[in-house]
Q: 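Have a look at the structure that comes next, please.
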2 protein chains.
Amino acid sequence: MVTIYDIARKAGVSITTVSRVINNHPYVKDETKEKIEKLLKETGYVPNSNASSLVSKKTNTIAVILPDITNSFFANIFRGAEERANSQNFTVIYGNTNEDSEREKQYINTFIEKRVDGVILDPISTDLDIIKPLEQNDIPFVLIDRNIKGAKKSHVGIHNKKEAFRIVNYLIEQGKKKIALISASEELSVYKDRKKGYINALKESGLDVENDYIKIGTKPIKEVGYNLTKKMLQSSKLPDAVFAANNFLAVGVYNALKDLDYRVPEDISIVCFDDFDTGTVISPFFTSIIQPASKMGTAAMDLLLDKIEGGDNKSEQIYLKSELCIRKST
Amino acid sequence: MVTIYDIARKAGVSITTVSRVINNHPYVKDETKEKIEKLLKETGYVPNSNASSLVSKKTNTIAVILPDITNSFFANIFRGAEERANSQNFTVIYGNTNEDSEREKQYINTFIEKRVDGVILDPISTDLDIIKPLEQNDIPFVLIDRNIKGAKKSHVGIHNKKEAFRIVNYLIEQGKKKIALISASEELSVYKDRKKGYINALKESGLDVENDYIKIGTKPIKEVGYNLTKKMLQSSKLPDAVFAANNFLAVGVYNALKDLDYRVPEDISIVCFDDFDTGTVISPFFTSIIQPASKMGTAAMDLLLDKIEGGDNKSEQIYLKSELCIRKST
DNA sequence: CTGTTAGCGCCTTCAG
DNA sequence: CTGAAGGCGCTAACAG
């Protein structure tokens, strides 16, 4: 591949001069400048950014690490972040943890090896250890969606507890009295908060909190929602509504119910968090709390770019507003 | 950030020795090896892969460039590709063209600057120029989904003409006689092929090809589908079915029809290509040709990795099978 | 087993 | 306006 040396040789100048025209420095005679530019084009020269990063200590690259890009919630976070990064001349590297903390750890490591300028992370790990390498290497980062307990770091998300309260309360207003919770984790911040909101709503309305109606799995994926629902229905009587802590879980719940010949919403209602791509899906099904995913992405990226460029290190908490959308599942 | 020099100094050895234990080379005394490994851990040393890439000429990074990650078709391509890359110790960089050829060009350029080992591209450009920089710099790449005319390069996709024929033929079998086409481009390979399939199907059944029923826009997005449909209904009578060339167009078609108080499928049927995330969406709506997106991604990555590692440069054409799924829109 | 020496491609003083 | 020299962090012969 053609290097700065090749150009210099062909132009009969030093590499310094070539470097100068590449980087638009002043003080290059128009004549030599033109000659070099012509050569640059002819040879199809493309600078090696790894080499310049070595010197500049900047890669203009930001890593975004999310659980699963095929979940439109995360895809929209990504789009928001990417858009903003691009407008500031940053490239985005993506990593899919697939809700696996081992992969998450590995991704963080490779991204540090690549010396990314910053990281946006929606963690599956709940242990502070996961962000240690980032801190140790002075790499700015911001957490998104899920937070990590004890990490006094910038975070962008919504008020999960409050929103869970809101949607469960909506069910209660609809006359539901036996409301089950299908959730994904006792550890992940957002699921802990959603459970708290659920319990608060029940208590405030004087409804019993029944353990048989609370099933917590390990990952927010369809299979987990499916299995937990089946398990619940084996051991206890039918609730009149289910609060699924995210969209994928809700699909699992729905499928399990369907297998057992229950109708939604006639026999039982379902509500959840997050959406499948709002606006593209023809008739959205789930009554749910819709998070402003794309905005979360841009907000997180804004915060991160501030840290990178301004060097400011305050840790901010940004809470964005979400919406309750009533649909066909209730 | 701690470097190999820091470790060497602290251990009282040369950087070569440190490099050796980092890269697991033989011939290092157990004792010094242990000492260095301890230091590595203590200091939280992370190698700078940009520096090693400079000498090794390999970045272990592959760029994937797609139109829009929020379209589940592309998200699944991505997942397939990423999965495979990871298993071979490659990292994936992602670029979203947003169906904009300028952005596409820029992305290709930044990825060359980063000296990625290979590229997977689902192009919006139809001009051979777009892949010239890749060829000029000897960067292996494979095209996915859309092909570029005249590019004798490896490509992974489906038989678009045949599949379009199949789905239009299905409509004809259902007794439809006035079948419209809403498509996105006269240039992009897949849309050209789908149009051919549509026309062949009509002709073979002795149906007229009416230009009033063929509307071609510029991009496969909702807005285009919406506007084209409205325009068509202004200038001609209602068809009894619409073939939308992809899923996003279909949504636009549906929304336009709804605005005009037509019912789908009672008044008019819709069919399309691609799906919204199969299996997650509760009740898929569109009768459509479902492409094996994830498989396309892994197949493309396989091809690419072969080129990179084996250095083989044959250009292969891989056609995968797709399915016709009958749903509620017909 | 271990260290010295040369780069990889580029940028940045510091002298002309 | 231009060039020489040194260095970014790491690897790879080549000598010990």
Side-chain angles (χ1 to χ4, degrees), chain A residues 1-37 39-40 43-61 109-117 137-139, chain B residues 1-37 39-40 43-61 109-117 137-139:
Chain A
M1 205 170 295
V2 23
T3 77
I4 206 173
Y5 282 95
D6 302 324
I7 307 290
R9 192 161 19 79
K10 287 186 185 175
V13 299
S14 78
I15 60 164
T16 315
T17 306
V18 178
S19 173
R20 283 203 182 96
V21 349
I22 289 172
N23 298 300
N24 258 310
H25 282 198
Y27 307 134
V28 182
K29 209 203 295 174
D30 280 354
E31 191 189 335
T32 67
K33 186 172 173 177
E34 279 160 27
K35 181 162 59 170
I36 290 173
E37 276 170 344
L39 242 23
L40 254 20
T43 56
Y45 169 81
V46 181
N48 181 333
S49 61
N50 297 316
S52 41
S53 293
L54 245 197
V55 178
S56 71
K57 311 268 190 194
K58 282 210 47 171
T59 53
N60 273 279
T61 304
N109 194 59
T110 22
F111 290 153
I112 298 180
E113 290 186 354
K114 286 185 183 303
R115 298 297 189 264
V116 296
D117 295 331
N137 290 285
D138 276 321
I139 297 183
Chain B
M1 205 169 293
V2 25
T3 78
I4 205 174
Y5 282 94
D6 302 325
I7 307 289
R9 192 164 17 80
K10 288 187 186 175
V13 298
S14 78
I15 59 164
T16 314
T17 306
V18 178
S19 172
R20 283 201 183 98
V21 350
I22 290 171
N23 298 298
N24 256 309
H25 280 202
Y27 307 135
V28 182
K29 207 204 296 173
D30 281 354
E31 189 190 337
T32 68
K33 186 172 173 180
E34 277 161 27
K35 181 161 61 170
I36 291 174
E37 273 170 345
L39 242 23
L40 255 19
T43 57
Y45 169 83
V46 182
N48 182 333
S49 62
N50 298 314
S52 42
S53 292
L54 244 198
V55 7
S56 73
K57 310 271 192 192
K58 282 210 50 172
T59 52
N60 272 281
T61 303
N109 194 59
T110 24
F111 290 152
I112 298 180
E113 291 185 353
K114 285 186 184 301
R115 298 296 190 264
V116 296
D117 295 330
N137 290 285
D138 277 321
I139 296 183

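Below, each value reflects all heavy atoms present in this structure, side chains not excepted, and no hydrogens, waters or symmetry copies.
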Q: Of all the heavy-atom pairs spanning A:Ser53 and A:Lys58, show the shortest one and how long it is.
A: OG-O, 2.9 Å

Q: Taking all non-hydrogen atoms of both residues, which atom of B:Leu54 and which atom of A:Ala51 are closest, and how far apart?
A: CD2-CB, 4.0 Å

Q: As an exercise, state the distance from NZ of B:Lys114 to CG of A:Asn50, rounded to the nearest 0.5 Å.
A: 7.0 Å

Q: Measure across B:Ile7 and B:Val18 and return the closest heavy-atom pair with its distance rounded to 0.1 Å.
A: CG2-CG1, 3.9 Å

Q: Just the endpoints, please: which first and last nucleotides of DNA chain D, 5' to 3', lie under 4.0 Å from a heavy atom of chain A?
A: D:dC1 to D:dG9

Q: Any idea which heavy atoms bring B:Ala8 and B:Ser14 closest together, and the distance?
A: CB-C, 3.8 Å

Q: Please test A:Tyr45 against A:Ile22 for side-chain contact (heavy atoms from CB on, under 4.5 Å), starting from the C-alpha separation and ending with a verdict.
A: CA-CA 10 Å; A:Tyr45 169 81; A:Ile22 289 172; 3.5 Å; yes

Q: So, for A:Asp6 and A:Met1, which heavy atoms are closest and what is the spacing to 0.1 Å?
A: OD2-O, 4.1 Å

Q: Scan nucleotides 7-16 of chain C nucleotide by nucleotide, 5' to 3', and note B when protein non-hydrogen atoms come under 4.0 Å of the base, S if they reach only the sugar-phosphate, - if neither.
A: BBBBBB----

Q: Which angle, to the nearest 10 degrees, lies between the helix axes at the two ends of the helix from C:dC1-D:dG16 to C:dG16-D:dC1, each defined by five pairs?
A: 40°

Q: Determine, step by step, whether B:Arg115 and A:Val46 satisfy the side-chain contact (heavy atoms from CB on, under 4.5 Å) criterion, reporting the C-alpha distance in whole Å, the side-chain angles of both residues, the deciding distance to 0.1 Å, and the verdict.
A: CA-CA 9 Å; B:Arg115 298 296 190 264; A:Val46 181; 3.9 Å; yes

Q: Assess the side chains of B:Thr43 and B:Lys10: does a donor N or O sit below 3.5 Å from an acceptor N or O?
A: no

Q: Can you name the nearest heavy-atom pair linking B:Thr59 to B:Val116, along with the distance?
A: OG1-CA, 3.5 Å

